[in-house]
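Okay, so here's the structure we're looking at.
Values below: all heavy atoms of this structure, side chains included; hydrogens, waters and symmetry mates excluded.
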Amino acid sequence: QGSSFYSLFRIEHLLWYSTMTVAVIYVFGMIPLASPNPSFAITDFWRWWVVHLWVEGTFEFFAIVVTAYALVALGLVDRLTAERATYFELILVFLGGILGTGHHYYWIGDTSVWIALGSMFSFLEVLPLLLLVIQALHEKRLLAGARDFPQGAAFKFLAGSGFWNFFGAGVLGGLINSPLINYYEHGTFLTLAHAHAALFGAFGLLGLGLLYFALRNIVQPEYSSDRLPNAAFWLMNAGLVLWLALNLLPIGFMQLAASFDHGYWYSRSLAFYNTTTFWQWLRMPGDIVFSLGVLLMAVDIVLKVRHLRRATAE
């Protein structure tokens with residue numbers, strides 16, 4: 001099977017392809033490469049092109065493949081199951097990520113056909129994210145009776161990534177993606193709520209999961225305790241929840257109402273933001289809790305890298 005067409009799309013090859021596309025697609029956001037474009041419309045077009053096709057297309061491609069690869073490496077999912085699930089999820093991601101860009105086309109005066117199609121397909125992105133969450137929960141139940149699982153911290157961060165991918169990009173993204181809502185809320189605190197949950201929750205926790213996956217393989221086993229990373233995981237997640245509950249969502253819904261009643265310009269003005277001072281200060285509890293999690297993680301990483309395994313001939 002080594003020379004078959006299927007052999008070009010094993011999980012290791014997909015990981016390589018996805019890594020390359022993350023770099024290649026991002027370059028298009030820098031057009032023109034020589035100097036800034038004087039046209040705001042052109043600059044904004046490329047910015048949104050990258051935001052959607054890089055984040056919702058190629059980076060989601062990388063996130064799905066690397067998660068599947070990690071689950072196979074952890075011995076939680078067999079290779080064939082992981083590869084088949086990955087193919088199906090990639091189809092949904094690229095359908096949702098590429099066609100879903102249409103839900104922003106009313107900003108450039110495009111036809112209602114693309115607005116409707118974009119809105120519909122943007123919701124399709126929820127499905128692969130939901131599948132990842134379900135898969136993570138299923139594997140967690142299988143591990144309930146396992147003792148001394150060596151990659152507990154890595155698995156916890158990967159499972160958290162799957163959850164926030166679904167909630168941040170799926171639920172909150174679906175909340176703001178419909179054209180009628182997006183027309184009034186575009187660029188408000190509801191967008192920030194979606195961005196915070198999706199970006200840190202999905203990609204941040206994914207990166208931290210891969211970090212602990214690597215650390216577990218290079219640190220001496222007796223110094224590979226999961227106590228500090230587990231505490232850091234829950235503190236950072238608690239901080240993210242506090243951001244959403246006390247700051248981003250309350251201001252976002254007030255801003256949506258202000259945009260509907262008084263106009264979009266008012267919802268983005270200093271006059272409106274002066275009415276939200278109390279809620280702005282409520283950002284601080286989440287900042288404090290999240291920072292404690294970051295501090296614990298930093299301490300844990302420093303302690304671990306001081307006890308790396310010795311290189312051997314093997």
Side-chain angles (χ1 to χ4, degrees), residues 47-48 50-52 54-56 59-60 63 96-97 100-101 103-104 107 118-119 122-130 132-133 157 160-208 233-262 264-270 272-291 293-294:
R47 180 175 67 88
W48 276 112
V50 170
V51 165
H52 282 85
W54 186 68
V55 175
E56 299 179 24
F59 210 100
E60 287 287 356
T101 59
H103 71 262
H104 281 292
W107 287 101
S119 179
S122 65
F123 282 96
L124 189 62
E125 295 177 42
V126 177
L127 294 180
L129 309 177
L130 180 60
L132 282 177
V133 174
F157 280 98
S161 172
F163 168 78
W164 284 110
N165 220 344
F166 165 68
F167 184 79
V171 176
L172 295 181
L175 172 68
I176 67 175
N177 275 347
S178 56
L180 181 60
I181 295 177
N182 201 289
Y183 179 82
Y184 290 99
E185 75 76 39
H186 191 86
T188 66
F189 268 59
L190 286 180
T191 301
L192 295 179
H194 155 66
H196 278 66
L199 185 58
F200 171 75
F203 304 132
L205 290 178
L206 174 65
L208 295 176
F233 171 82
W234 290 114
L235 284 172
M236 286 190 288
N237 278 274
L240 184 52
V241 171
L242 290 174
W243 287 341
L244 295 173
L246 300 181
N247 177 256
L248 298 174
L249 290 177
I251 296 177
F253 284 112
M254 288 189 292
Q255 204 168 9
L256 179 62
S259 177
F260 183 79
D261 293 335
H262 305 291
Y264 181 72
W265 67 270
Y266 172 75
S267 70
R268 297 285 296 267
S269 69
L270 186 60
F272 166 77
Y273 286 120
N274 285 338
T275 67
T276 64
T277 305
F278 171 76
W279 299 100
Q280 298 283 6
W281 277 104
L282 285 183
R283 169 78 183 221
M284 186 174 292
D287 289 345
I288 294 173
V289 173
F290 188 90
S291 298
V294 173

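- In this structure, CG in Leu175 is found 8.5 Å from CG in Leu256, a value given to the nearest 0.5 Å.
- With hydrogens and angles left out, the side-chain atoms of Asp287 and Trp243 include a donor and acceptor closer than 3.5 Å.
- For Phe253 and Phe189, the ring centers are positioned 6.0 Å apart or more.
- With His194 contributing its side chain and Leu172 its backbone, the two residues share no donor-acceptor pair below 3.5 Å.
- Taking OG from Ser259 and CE from Met254, the interatomic distance works out to 14.0 Å, rounded to the nearest 0.5 Å.
- Relative ring orientation between Phe163 and Phe167 is described as parallel, the plane-to-plane angle staying below 30° on a 0-90° scale split at 30° and 60°.
- A donor-acceptor pair is defined here as one N or O able to donate and one able to accept, closer than 3.5 Å; such a pair exists between the side chain of Tyr264 and the backbone of His186.
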Practice task
Output, in order, the C-alpha distance, side-chain angles, deciding distance and verdict of side-chain contact (heavy atoms from CB on, under 4.5 Å) for Gln280 and Tyr273.
Solution key: CA-CA 9 Å; Gln280 298 283 6; Tyr273 286 120; 3.9 Å; yes
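- Annotation for Gly239 and Val289: closest pair N-CG1, 3.8 Å, computed over non-hydrogen atoms.
- Looking at Ser161, its side chain never comes within 3.5 Å of a backbone N or O of Phe157 through a donor-acceptor pair.
- For the side chain to side chain contact (heavy atoms under 4.5 Å, CB included) criterion with Arg283, the lone passing option out of Leu242, Leu246, Ile251, Leu248 is Leu248.
- At most 12 heavy atoms of other shown residues, nucleotides or ligands fall within 6.0 angstrom of atom CZ in Phe260.
- A distance of 8.0 Å separates CZ of Phe59 from CG of Leu199, quoted to the nearest 0.5 Å.
- A donor-acceptor distance shorter than 3.5 angstrom exists from the side chain of Asn247 to the backbone of Trp279, with no hydrogens or angles considered.
- Taking each heavy atom of Ala245 and Pro250 in turn, the nearest pair found is O-CG, 3.2 Å.
- Of all heavy-atom pairs between Leu240 and His196, the closest is CD1-O, 4.0 Å.
- You'll find the side chain of Thr188 stays beyond 4.5 Å of the side chain of Ile176, heavy atoms only.
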Exercise for the section: Carefully, step by step, assess Gln255 and Tyr184 under the rule side-chain hydrogen bond (donor to acceptor under 3.5 Å, both in side chains). Expected result: CA-CA 9 Å; Gln255 204 168 9; Tyr184 290 99; over 6 Å; no
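- Between Met236 and Phe290, the closest heavy-atom pair is O-CD1, 3.4 Å.
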